[in-house]
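The structure appears below as structure tokens.
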Amino acid sequence: MEDVVILGTGPAGLTAAIYAARAELAPVVLRGDQPGGQVTITDAIDNFPGFPNGIAGFELFQSMEKQAERFGAKIVSDTAIEVDFKNHPFKIKARENAYQAKSVIIATGSDPRKLNVPGEKEYVGKGVSYCATCDGFFFKGKKVVVVGGGDSAVEEGLFLTKFATSVTLIHRRDRLRAHAHLQSRANANEKMNFIWDSVVTEVLGKEGGVQALRLQNLKTQAESIFDTDGVFVFIGHIPNTQVFKGQIKLDESDLIITDRRQRTDVPGVFAAGDVQDPIYKQAISSAGAGCMAAMEAERFLAEQAGEAYPGKLE
Ligand code: NAP
């Protein structure tokens, strides 16, 4: 029986682990299928306080994991596949082991949204990618497309200009959603081009890989073919909540609903980070939510044990 099981090792899960471990709750932390989560596929994180020159996403993950382990967090390579939150203690069935927990912190993050068009699945790894940091190098001297108009599309597009001869950003509207400073950098970069008001309707290629995209202009409905060696898709994320359906309350986008203290509708189950955040979705806001979830779990456990919680949360 564990006091706290934490699901996920992104900034939310690992910050929760640091706080829970320092509270001597010996948290068990399940790494999940993508240890470190989204930050590990981010080339450089420039807005995490404390790193004036930025930090590589993977390095940030490794440092946080080390820090959590230093205080006694037990980090295991396992992924939850089924949960029972209807009865207390909670049960978590994972690929390798089963766990029982008095409290659970869900920090399972989100996965990249897919285009869901013909050819996309077929050419994953052969020109279709969701990670510029992982695959950018393979496009040295080649021509690539980035789909999306948010921070990820522009930031990753700029990163790809290090390798590609040209990066064409295709966006469904005529204005970017990305922050102004990223927009300015993109406009100033001569390798970046833009195709507005357009969506990808098909990925075209041969066995060797992607050769072109079929595009549709949403204003004129005109179709066109755009030659490219690769397409990087950054059109948002889908929360990793499949496992929790029917166990806790989700909203219409499948995000976990929490109150301002990271509590879900099941007492003793907390959630933090991209899995419950409809607005901010930053490494630092996820870390903050992870801290709050761990403090709330500590308080929950103290109350369950009939002890007075020493913190001043009320
Ligand atoms: P996002 O902000 O949700 O942007 C998704 C983009 O994809 C939008 O431009 C959207 O178009 C477009 N889109 C959505 N579905 C589409 C579809 N089916 N077909 C074509 N286009 C589609 O996602 P994100 O860029 O991944 O960013 C997520 C969060 O992380 C944001 O809060 C962002 O600020 C944050 N982030 C921050 C940084 C940073 O601070 N350096 C870096 C990366 C991400 P519309 O604009 O028309 O909706």
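Values in this document were obtained by computation on a predicted structure and should not be read as measured data. Whatever order the structure lists them in is the order used to number ligands and atoms, beginning at 1.
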> Quick one: does Asp229's side chain have a donor or acceptor within less than 3.5 Å of a partner on Val144's backbone?
Replying inline: no

> Out of Arg177, Arg175, Glu156, His181, whose heavy atom is nearest to atom 1 (P) of ligand 1?
Replying inline: Arg177

>> Which of the numbered atoms in ligand 1 are under 4.0 angstrom from any heavy atom belonging to Asn47?
In response: 39 (C), 40 (O), 41 (N)

>> Give me the residue, atom name and distance of the protein heavy atom closest to atom 41 (N) of ligand 1.
In response: Glu155 OE2, 2.8 Å

> So, Thr201 side chain and Arg214 main chain: donor-acceptor pair closer than 3.5 Å or not?
Replying inline: yes

>> Using a plain distance cutoff, I'd like to know if Gly149 has any nitrogen or oxygen under 3.5 Å from a nitrogen or oxygen of ligand 1.
In response: yes

> Can you tell me which residue and heavy atom of the protein come closest to atom 26 (O) of ligand 1, and the distance to 0.1 Å?
Replying inline: Ser152 OG, 2.7 Å

> Would one find an N or O of Arg173, backbone or side chain, under 3.5 Å from an N or O of ligand 1?
Replying inline: yes

> Got a salt bridge between Asp78 and Arg95, using NZ or NE/NH1/NH2 to carboxylate O under 4.0 Å?
Replying inline: no

> Who's the nearest protein heavy-atom neighbour of atom 30 (O) of ligand 1, and how far?
Replying inline: Lys281 O, 3.5 Å

> Quick one: nearest non-hydrogen protein atom to atom 11 (O) of ligand 1, plus distance?
Replying inline: Arg172 NE, 3.1 Å

> For atom 38 (C) of ligand 1, which protein heavy atom lies nearest, and how many Å away is it?
Replying inline: Asp151 CB, 3.7 Å

> Are Val104 and Val28 connected in the hydrophobic side-chain network, where two residues link if heavy atoms are under 4.5 Å apart?
Replying inline: yes

> Does His179, backbone or side chain, put an N or O under 3.5 Å from an N or O of ligand 1?
Replying inline: no

>> With a 4.0 Å cut-off on N to O distance, would you call Glu65 and Arg31 a salt bridge?
In response: yes

>> So for ligand 1, is Leu182 a polar contact partner (N or O within less than 3.5 Å, distance only)?
In response: no

> So which heavy atom on Arg173 is nearest to which on Trp196, and how close?
Replying inline: O-CE3, 3.4 Å

>> Please find the pair of heavy atoms, one from Met292 and one from Arg260, that lie closest to each other, and give the distance.
In response: CE-O, 3.3 Å

> How about Glu24: does its CD atom have over 12 heavy atoms from other parts shown lying under 6.0 Å from it?
Replying inline: no

> Which option out of Ile279, Val200, Ile235 puts a heavy atom nearest to atom 5 (C) of ligand 1?
Replying inline: Ile235

> Does at least one non-hydrogen atom of His171 fall below 4.0 angstrom from an atom of ligand 1?
Replying inline: yes

> Would you call Asp151 and Arg177 a salt bridge, taking side-chain N to carboxylate O under 4.0 Å as the test?
Replying inline: no

> If you count the atoms of ligand 1 from 1 in the order shown, which ones are under 4.0 Å from a heavy atom of His237?
Replying inline: 26 (O)

> By number and element, which atoms of ligand 1 are closer than 4.0 Å to a non-hydrogen atom of Gly236?
Replying inline: 5 (C), 23 (O)

> Is a side-chain donor or acceptor of His181 paired with a backbone partner of Arg185 at a separation under 3.5 angstrom?
Replying inline: no

> Counting only heavy atoms not in Phe61, do more than 12 sit closer than 6.0 Å to its CZ atom?
Replying inline: yes

> Gln282: heavy atom below 4.0 Å from ligand 1, yes or no?
Replying inline: yes

>> So if I count the atoms of ligand 1 from 1 in the order they appear, which ones are less than 4.0 Å from some heavy atom of Tyr280?
In response: 32 (O)

